[in-house]
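What follows is one structure encoded as structure tokens, with my remarks underneath.
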Protein chains: 2
Amino acid sequence: MKTSTLQDVARVAKVSTATVSRTLSNPNVVSESTRRRVSEAVKITGYRINRAARNLRTQRAHSVLVLLPDLANPFFSAILEGISRNLSQQGYSMLIASTKQVHDSGERLIDYLDDARADGMIILDGGLDADIVEMLETAPQANRILFACEWIDGANFPSVRCQNRQGTRTAVNHLYDLGHRKIAHVTGPEGNVLMHSRKDAFVDEVEHLKLEQRPEWIIDGDFSLAAGCQAALKWVGLHDRPTAVFCASDQLAMGFIAELSRRGFKVPDDVSVMGFDDIDLAEHFIPPLTTIQQDRLMIGETAAKMLMARIVTPNEANSDQAAVLPVSLVVRESTASLR
Amino acid sequence: MKTSTLQDVARVAKVSTATVSRTLSNPNVVSESTRRRVSEAVKITGYRINRAARNLRTQRAHSVLVLLPDLANPFFSAILEGISRNLSQQGYSMLIASTKQVHDSGERLIDYLDDARADGMIILDGGLDADIVEMLETAPQANRILFACEWIDGANFPSVRCQNRQGTRTAVNHLYDLGHRKIAHVTGPEGNVLMHSRKDAFVDEVEHLKLEQRPEWIIDGDFSLAAGCQAALKWVGLHDRPTAVFCASDQLAMGFIAELSRRGFKVPDDVSVMGFDDIDLAEHFIPPLTTIQQDRLMIGETAAKMLMARIVTPNEANSDQAAVLPVSLVVRESTASLR
DNA sequence: GTCGTCTTTGTAATCGATTACATATTTTGT
DNA sequence: ACAAAATATGTAATCGATTACAAAGACGAC
């Protein structure tokens with residue numbers, strides 16, 4: 001059983017294919033009576049538009065590619081939900097791939113745009129190699145690329161991000177207000193823009209509050225649980241231990257706490273620990289995690305909206321290059337007043 | 001700057017478009033010399049195939065839709081990774097949507113197949129409404145639908161799943177071997193096939209081992225952290241508390257443990273707790289979770305492989321209706337011998 | 001009655017690849 | 001040396017929608 005085409009509908013409604021097409025995509029230019037006849041015929045034939053045909057004719061893929069560094073990261077799920085929600089409202093589909101996989105398979109990212117598979121892309125990975133970034137920047141479709149959460153320093157792609165500096169400042173001040181004066185920071189991965197953004201803000205704020213600073217109180221990490229565990233060991237090994245630790249991600253914080261608890265330390269009794277992101281698990285962790293909340297659904301929706309605007313009106317000089325979304329402090333039980 | 005087409009390549013290589021097309025998709029039917037000329041021309045022109053055109057002509061979308069109940073569930077990430085990996089090897093793209101969202105937007109699932117957006121779909125949601133299932137079953141493209149992890153009882157779609165019964169039996173026996181004789185079960189959501197599969201296997205095994213059974217030792221849940229917390233309260237309220245609890249998911253187990261620890265109980269000292277799935281977080285949880293491991297990457301890869309086989313050769317009577325993948329016991333620290 | 005305007009509909013070209021069929025060329029067998 | 005078979009390439013139709021342009025009809029103004 002073949003699905004029916006515009007031709008079939010036209011035949012049944014006794015009009016031309018042009019009229020059927022118009023009825024479907026621009027109903028107000030056809031008369032009331034034919035509109036009814038066509039609708040009737042559509043129902044009778046069970047007509048469904050063939051997107052491949054439309055895509056070819058309109059030179060639009062009607063889909064957007066979302067690139068993650070890694071599909072297995074729970075941080076992204078809510079962002080995807082937001083993107084998908086907004087796209088499907090506009091009749092667009094969401095393609096997903098991971099940068100690693102695309103790279104491994106020998107494809108080039110820009111191919112997705114070049115071969116009409118996607119009309120635009122949202123990249124959630126700020127860690128692309130310099131040559132890939134170069135290629136994206138110089139591509140003719142560069143204006144249909146947008147970064148979310150992370151971005152590329154130096155490149156001027158539009159982006160959606162949260163207030164990383166402000167969030168960090170809020171976190172440090174929360175700890176300060178609890179009486180902590182010796183505060184450590186577990187960073188993200190070297191070279192990551194979020195890592196730098198948060199680390200710089202941390203250093204600035206600690207300086208601003210005139211707190212003691214020591215190089216060994218900045219502990220290298222990479223956003224992962226495992227790195228959090230590593231960091232905990234470093235903390236345990238310090239002579240003069242900070243009384244509070246601000247981790248650059250929730251996963252770091254969880255790993256940190258998990259490892260400490262394995263070593264017999266208690267959070268927040270022995271040390272206050274904060275994360276960043278507010279992933280789903282944060283509130284159910286033991287202890288529930290004090291953290292900086294990012295509205296990931298909104299990040300996704302905003303990213304989709306901005307990208308779609310650029311796809312629909314490509315040459316308009318969209319001035320809003322970067323949307324910076326607010327963050328908020330969520331106080332739970334992993335932080336406490338200094339005894 | 002327009003991207004170049006087959007025509008352009010043909011002009012540069014001084015051959016017909018047919019020859020270029022053949023060179024690209026079936027190189028061994030063209031002569032060595034033209035093959036070289038065409039490759040050269042492709043390089044010069046920077047030709048990229050236009051997938052919309054190919055899709056229209058070949059009547060293939062070259063993409064597969066993956067349907068999740070909920071994008072924000074970390075359980076699915078590794079499965080997606082597996083699916084994506086296999087699909088991209090074969091030049092296919094992965095579309096993602098959530099059943100909830102598709103439903104809310106008024107679309108019908110089958111539309112994705114009908115309107116040539118996808119060649120097949122992998123459904124990770126066994127909780128579809130009966131009328132939707134009915135629609136899928138009677139659709140002409142029903143043979144390009146496959147379920148993974150979950151499935152629909154009664155319908156005979158092909159599926160990929162793990163050994164739910166065997167895993168449950170293994171779990172119960174692990175607890176039994178540790179000396180536990182009073183074992184509770186926290187179930188998945190009512191109506192879910194996995195929930196029934198695991199619960200039935202649990203009851204059977206408990207009976208087989210001649211253990212005491214009580215209705216209140218089967219606690220209703222729904223796979224979520226929150227339900228795990230609820231279940232913990234129920235457990236706390238029991239007169240005669242089971243010494244071990246087998247939860248139908250890791251998230252349940254984590255919620256269960258989290259809530260207990262908030263109430264001053266210790267795991268595994270006061271009660272042994274097991275999960276099912278082995279999600280990424282399980283090994284970093286406090287205490288690290290004893291659980292039944294599903295190889296989610298393999299589930300994804302198998303699902304993609306099976307579906308692709310059906311897409312490529314649609315009428316072949318694929319006898320392997322259900323692939324059942326092995327599970328394994330991972331012993332960590334949330335279970336211990338009965339004192 | 002004629003002209004202009006507006007609305008509604010049809011005709012046919014088009015998007016860019018694939019492929020059945022025809023044709024030209026080379027190879028093989030006897 | 002000639003027929004048959006195999007190989008290589010070109011011609012042109014095709015997938016199914018969209019849309020520029022043309023044309024036909026309705027209406028009112030003068």
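Throughout, a chain's letter reflects where its sequence line sits, starting with A, and its residues are numbered from 1.
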Of all heavy-atom pairs between B/Ser63 and B/Arg117, which one has the smallest distance, and what is that distance?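 So the two residues come closest at OG-O, 2.9 Å.
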Under 4.0 Å between a Lys/Arg side-chain N and an Asp/Glu carboxylate O for B/Arg35 and B/Glu32?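 Judged by the 4.0 Å cut-off on N to carboxylate O distance, B/Arg35 and B/Glu32 do form a salt bridge.
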Short N-O contact, B/Arg48 and A/Asp111, less than 4.0 angstrom: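 A salt bridge links B/Arg48 with A/Asp111.
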Say whether, by atom type as modelled, one donor and one acceptor occur between the side chain of B/Asn55 and the main chain of B/Arg51 under 3.5 angstrom.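 It does hold such a pair.
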Output the rounded distance in Å from [atom1] ([X]) to [atom2] ([N]).
X       : N      : atom1 : atom2 : value
B/Leu56 : D/dT14 : CG    : C1'   : 9 Å
B/Leu6  : C/dT19 : CG    : C1'   : 12 Å
B/Arg57 : D/dC15 : CZ    : P     : 8 Å
B/Arg37 : D/dA8  : CZ    : P     : 14 Å
B/Arg60 : D/dG16 : CZ    : P     : 15 Å
A/Asn28 : C/dT9  : CG    : P     : 13 Å
A/Asn26 : C/dT9  : CG    : P     : 13 Å
A/Arg36 : C/dT8  : CZ    : P     : 14 Å

Closer than 4.0 Å, any side-chain N/O of [X] to the OP1 or OP2 of [N]?
X       : N      : result
A/Thr58 : C/dC15 : no
A/Ser31 : C/dT9  : yes
B/Ser16 : D/dG10 : yes
A/Tyr47 : D/dG16 : no
A/Gln7  : D/dC15 : no
A/Thr19 : C/dG10 : yes
A/Gln59 : C/dG16 : yes
B/Thr34 : D/dT9  : yes
A/Ser21 : D/dT18 : yes

Closest-nucleotide ordering on DNA chain D, the 5'-leading residue of B/Arg22 and A/Val20: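 Nearest-nucleotide comparison on DNA chain D picks B/Arg22.
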Which nucleotide, D/dT11, C/dT18, D/dA17, lies nearest any side-chain atom of A/Asn50?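 Out of D/dT11, C/dT18, D/dA17, the nucleotide with an atom closest to A/Asn50's side chain is D/dA17.
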Which nucleotide, D/dA12, C/dT9, D/dT19, lies nearest any side-chain atom of B/Thr17?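 Given the options D/dA12, C/dT9, D/dT19, the side chain of B/Thr17 is closest to D/dA12.
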Residue among B/Val64, B/Leu146, B/Leu113 satisfying side-chain contact (heavy atoms from CB on, under 4.5 Å) with B/Met121: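 So the option named by the test is B/Leu113.
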